[in-house]
Amino acid sequence: MSPALVLLVSSLLVSVASQSQDHHDMGWVNGFRQSFNFQCPHGEVLVALRSFYSEADGMDRLWSFECQATPEGLGEPSDCWWDDINRGGMEWTSTCTRNGLVAGVQSKYFESVLDREWQFYCCYYKRRCPYSCMKTSDVPEQYREEGEMVVPSYGFFIRGAESTFSGVLRDRQWKYILCRMTDFDCEFENL
């Protein structure tokens with residue numbers, strides 16, 4: 001594991017550990033029931049996230065995200081876009097089209113369903129293709145728990161997610177889709 005990723009993981013875990021005692025001032029990108037738009041700086045992708053659930057604050061979550069520069073061999077993104085959007089209260093599966101990597105997230109809260117709509121900001125890197133893809137376990141492990149996910153090692157990238165919504169508990173669980181990317185150009189438009 002690269003020293004930069006070890007440092008990122010360590011700092012995130014320390015932050016999450018302290019989050020258990022106090023969820024205030026954790027660098028959240030939103031307030032409860034507020035929309036947000038988070039984008040990594042150009043040339044960086046999402047590598048970690050955390051969330052805190054509150055039943056008292058609209059059955060909603062606070063969110064925080066971390067980015068990291070992509071490996072030099074991947075090059076610069078040649079195009080970025082907002083991919084498909086889900087509807088609040090529904091299950092959702094989204095993988096960046098055109099073999100893109102997740103470089104941002106936006107979300108809007110809807111009082112009527114006590115849930116959020118979600119959309120990924122995706123970036124395309126030349127003609128690289130994903131391989132060795134896997135899904136994480138549920139994040140959080142149980143509805144209404146604090147959640148965290150850190151890419152397991154340098155060279156894995158978030159390509160999307162599956163999300164289930166509990167209409168009873170008014171919360172979501174996520175399985176993130178993680179892949180490696182080829183070091184060479186490939187012919188496939190979307191995998």
Is there a side-chain hydrogen bond (donor to acceptor under 3.5 Å, both in side chains) between Ser166 and Asp171? Walk through the geometry before answering. CA-CA 6 Å; Ser166 169; Asp171 194 18; over 6 Å; no

Which pair of heavy atoms, one from Pro130 and one from Arg159, lies closest together, and at what distance? CG-NH1, 3.4 Å

Hits for salt bridge (Lys or Arg N to Asp or Glu O under 4.0 Å) against Asp79, two or more places apart or cross-chain, chain-then-number order -> Arg98

Kindly indicate whether a cation-pi arrangement holds for Arg50 with Trp28, taking the cut-offs as under 6.0 Å to the six-membered ring centre and within 45° of the axis. yes

If Ile, Leu, Val, Met, Phe, Trp and Tyr residues are connected whenever their side-chain heavy atoms lie under 4.5 Å apart, and connections chain through other members, are Met59 and Phe165 in the same group? no

Quick check against the 3.5 Å criterion: does Asn99 have a side-chain atom that pairs as donor or acceptor with the backbone of Met181? no

What pairs of donor and acceptor atoms, side-chain ones from residues 133-141 against any protein atom, are under 3.5 angstrom apart with sequence neighbours left out?
residue: Lys135; atom: NZ; partner: Glu162; partner atom: OE2; Å: 2.4
residue: Thr136; atom: OG1; partner: Tyr176; partner atom: N; Å: 2.9

Nearest 0.5 angstrom please: Lys108 NZ to Asn37 CG, how far? 13.0 Å

Apply side-chain contact (heavy atoms from CB on, under 4.5 Å) to Ser107 and list each qualifying residue two or more places apart in sequence or on a separate chain. Phe36, Arg116, Trp118

For residues Ser163 and Arg172, is any side-chain donor paired with an opposing acceptor at under 3.5 Å? yes

Rounded to the nearest 0.5 Å, what's the gap from CD on Glu91 to CG on Asn86? Could you check? 11.0 Å

So OH of Tyr121 and CZ of Phe38: to nearest 0.5 Å the spacing works out to 12.0 Å

Inter-residue atom distance Leu101.CG - Leu46.CG, 0.5 Å rounding: 10.5 Å

Taking salt bridge (Lys or Arg N to Asp or Glu O under 4.0 Å) as the test, write out the residues that go with Glu55, two or more places apart. Arg144

Just so I know, are the side chains of Tyr154 and Pro71 near enough to count as touching, which here means a heavy-atom distance under 4.5 Å? yes

Just grab all the ring pair (Phe, Tyr, Trp, His ring centres under 6.0 Å) pairs involving residues 87-115, residues at least two apart or on different chains. Trp92-Phe120

Does the plane of the ring in Phe52 sit parallel, tilted or perpendicular to the ring in Phe32? Use 30° and 60° as the thresholds. tilted

Separation between CD (Gln39) and SG (Cys123), nearest 0.5 Å, reads 8.0 Å

The complete set of salt bridge (Lys or Arg N to Asp or Glu O under 4.0 Å) pairs with one or both residues in residues 33-44, sequence neighbours excluded, reads Arg33-Glu111

